[in-house]
Peer 1: 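Pasting a structure below so you can have a look.
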Amino acid sequence: MFERKVKNFINVDPLQTGGKLTEEAKKALVEWGDGYSVCDYCSGRLEEIKNPPIYDFVHSELPEFIGCDVARITTGAREAKYIVMNSLAKKDAYVVLDANAHYSSYIAAERAKLKIAEVPKTGEPEYKIQAERYAEVIEETKKYGEVVLALVTYPDGNYGNLPDVLKIAKICEEYDVPLLVNGAYAVGRMPMNLKKIGADFIVASGHKSMAACGPIGVLGMKEEWESLVLRKSEKFKNKEVELLGCTARGASILTLMASFPHVVERVKRWDEEVKKARYFSEKMESLGIKQLGEKPHNHDLMFFYSEVLYEISKKAKDGRYFLYKELTQRKIHGIKPGLTRFFKLSTYGLSWEELKYVLSAFESIIEKYKKDG
Ligand SMILES: *Cc1c(COP(=O)(O)O)cnc(C)c1O
């Protein structure tokens with residue numbers, strides 16, 4: 001029943017490579033799958049539960065891992081962003097965000113009734129966010145209203161670019177604007193530390209990058225924000241208003257916790273992941289498929305531009321679905337059906353052997369249609 005067709009495929013879907021469950025998490029998912037089972041011994045709030053040891057996880061292991069004073073579990077990165085924005089929002093105030101920001105950052109701002117000012121990106125081919133532009137945009141926006149928050153997407157979900165977050169944090173500090181680092185594609189993949197960055201908030205996605213089933217996210221902050229963002233209900237004294245009392249009250253948090261020791265170890269191997277991504281990018285380029293975004297690249301998420309595959313799609317029997325079909329036949333999953341000219345993929349967690357297999361698949365597909373054409 002409800003069989004997943006791509007179960008044993010090589011997965012290069014950027015959304016999915018960092019969210020694959022560990023064996024420990026799979027067991028936790030089954031063990032804690034019943035509704036509200038995590039609440040067996042609840043004393044009033046999710047992160048206070050000592051059995052299973054959610055308390056230790058949220059109060060010590062997680063804050064240590066991301067370098068924050070206070071951490072909370074949310075139902076996703078977007079909910080974490082909304083919690084911060086809604087807490088900081090004022091009438092006619094602005095949030096400054098990078099032009100590569102995820103759609104959910106815009107929607108969170110909209111829901112929190114904040115106005116948006118964008119830090120522009122550079123043009124083709126790198127689409128970079130330059131740190132200094134934050135100063136310009138904050139300066140300009142201040143003329144129209146208070147800037148209550150700045151946000152940087154690190155990396156963005158389109159090009160996998162990593163802006164100079166230390167410099168951005170310094171600029172925001174100079175302007176006395178709190179900074180939120182959206183690490184949905186970073187926390188759990190690469191080393192991340194809020195204190196080292198010097199920002200105020202950090203947001204993570206469990207199902208994107210921390211080997212959890214989700215939906216689940218993490219919000220980390222500096223102590224000074226605790227009383228505002230985690231303010232308590234007047235009527236229910238121990239419930240935090242922005243978290244609506246409790247967030248991920250199900251198996252998702254146990255999968256996050258079960259995978260956590262593995263995640264702590266895997267971020268130490270980040271250099272190897274970057275090496276693989278760069279190798280992959282280089283080989284794709286030699287097939288005539290261009291990598292856009294920062295080069296040399298610093299993240300496993302990559303955006304490609306392929307005139308070669310696009311030309312083939314114009315003549316192929318399956319049209320623009322040819323690439324999807326060919327890759328599926330080769331048991332490779334993750335490039336959206338219908339895409340040929342622009343697509344993204346992620347090499348995260350693939351072995352060198354798998355990496356080479358995917359590259360040889362692209363090569364043989366191009367060869368095959370060249371012959372036919
Ligand atoms: C995937 C993604 C999100 C959304 O994460 P959720 O945990 O599903 O809310 C937010 N920002 C970026 C940059 C992303 O890539």
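Here the structure is a predicted model, which means the values were calculated and not measured. Whatever order the structure lists them in is the order used to number ligands and atoms, beginning at 1.
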Peer 1: Geometry only, no angles: is Thr153 polar-contacting ligand 1 at N/O separations under 3.5 Å?
Peer 2: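 No, there is no polar N/O contact under 3.5 Å.
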Peer 1: Check ligand 1 against Gly76 and write out every atom of the ligand that is under 4.0 Å from a heavy-atom position of the residue.
Peer 2: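 Reading through ligand 1 atom by atom, the close ones are 7 (O), 9 (O).
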Peer 1: Does this structure show an ion pair linking Arg45 with Glu240, if we count only N-O contacts that are shorter than 4.0 Å?
Peer 2: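 Answer for the salt bridge query: yes.
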Peer 1: What about Tyr175 and Tyr134, are their ring centers closer than 6.0 Å?
Peer 2: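 For Tyr175 and Tyr134, the ring centres are not under 6.0 Å apart.
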Peer 1: Quick one: look at Ser104 and ligand 1, take heavy-atom pairs under 4.0 Å, and tell me if it's side chain, backbone, both or neither.
Peer 2: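 Contact part for Ser104 vs ligand 1: side chain (C-beta onward).
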Peer 1: Please could you name the atoms of ligand 1 that Ala184 approaches to less than 4.0 Å, counting only its heavy atoms?
Peer 2: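 Those qualifying, in numeric order: 2 (C), 3 (C), 10 (C), 11 (N), 12 (C), 14 (C).
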Peer 1: When you check the gap from the basic side-chain N to the acidic O, do Arg133 and Glu136 get nearer than 4.0 Å?
Peer 2: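 Looking at Glu136 together with Arg133, the answer is yes, because their closest N to O distance falls below 4.0 Å.
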Peer 1: Taking the six-membered ring of Tyr348 as reference, does the NZ or CZ atom of Arg189 fall below 6.0 Å from its centre and within a 45° cone about the axis?
Peer 2: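 Verdict for Tyr348: a cation-pi partner in Arg189.
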Peer 1: Give the contacting part of Asn182 toward ligand 1: side chain, backbone, both or neither, where contact means a heavy-atom distance below 4.0 Å.
Peer 2: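 The answer is the side chain of Asn182.
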Peer 1: Out of His207, Glu79, Lys208, who gets a non-hydrogen atom closest to atom 14 (C) of ligand 1?
Peer 2: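 Among His207, Glu79, Lys208, the closest heavy atom to atom 14 (C) of ligand 1 comes from Lys208.
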Peer 1: Could you tell me, atom by atom, which parts of ligand 1 come under 4.0 Å of a heavy atom of Tyr185?
Peer 2: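 Selected atoms, number and element: 15 (O).
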Peer 1: Taking Glu272 first and then Arg269, would you say they form a salt bridge - that is, a charged N and a carboxylate O separated by under 4.0 Å?
Peer 2: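 Between Arg269 and Glu272 there is no salt bridge, as every charged N stays at least 4.0 Å from the carboxylate O atoms.
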Peer 1: Find all atoms of ligand 1 within a distance of less than 4.0 Å from any non-hydrogen atom belonging to Lys81, and give their numbers and elements.
Peer 2: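 Listed by number with element: 10 (C), 11 (N).
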Peer 1: List ligand 1 atoms under 4.0 Å from Ala77, heavy atoms only on the residue side.
Peer 2: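 Going through ligand 1 atom by atom, the ones under 4.0 Å from Ala77 are 5 (O), 6 (P), 7 (O), 9 (O).
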Peer 1: Considering only the protein, which heavy-atom contact is closest to atom 10 (C) of ligand 1, and what is its distance?
Peer 2: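 For atom 10 (C) of ligand 1, the nearest protein heavy atom comes out as His102 ND1, 3.4 Å.
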Peer 1: Distance-only, no hydrogens or angles: does the Asp164 side chain make a donor-acceptor pair with backbone N or O of Ala131 under 3.5 Å?
Peer 2: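 Not a single qualifying donor-acceptor pair exists.
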Peer 1: Can a salt bridge be assigned to the pair Lys143 and Glu140 using a cut-off of 4.0 Å between side-chain N and carboxylate O?
Peer 2: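 A salt bridge is present here (some side-chain N lies under 4.0 Å from a carboxylate O).
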Peer 1: In plain terms, say whether Glu242 and Lys232 are close enough for a salt bridge, that is, a side-chain N and a carboxylate O under 4.0 Å apart.
Peer 2: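 No, Glu242 and Lys232 are not salt-bridged.
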Peer 1: Can you name the atoms of ligand 1, numbered from 1 with element, that are less than 4.0 Å from a heavy atom of Arg78?
Peer 2: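 Going through ligand 1 atom by atom, the ones under 4.0 Å from Arg78 are 4 (C), 6 (P), 8 (O), 9 (O).
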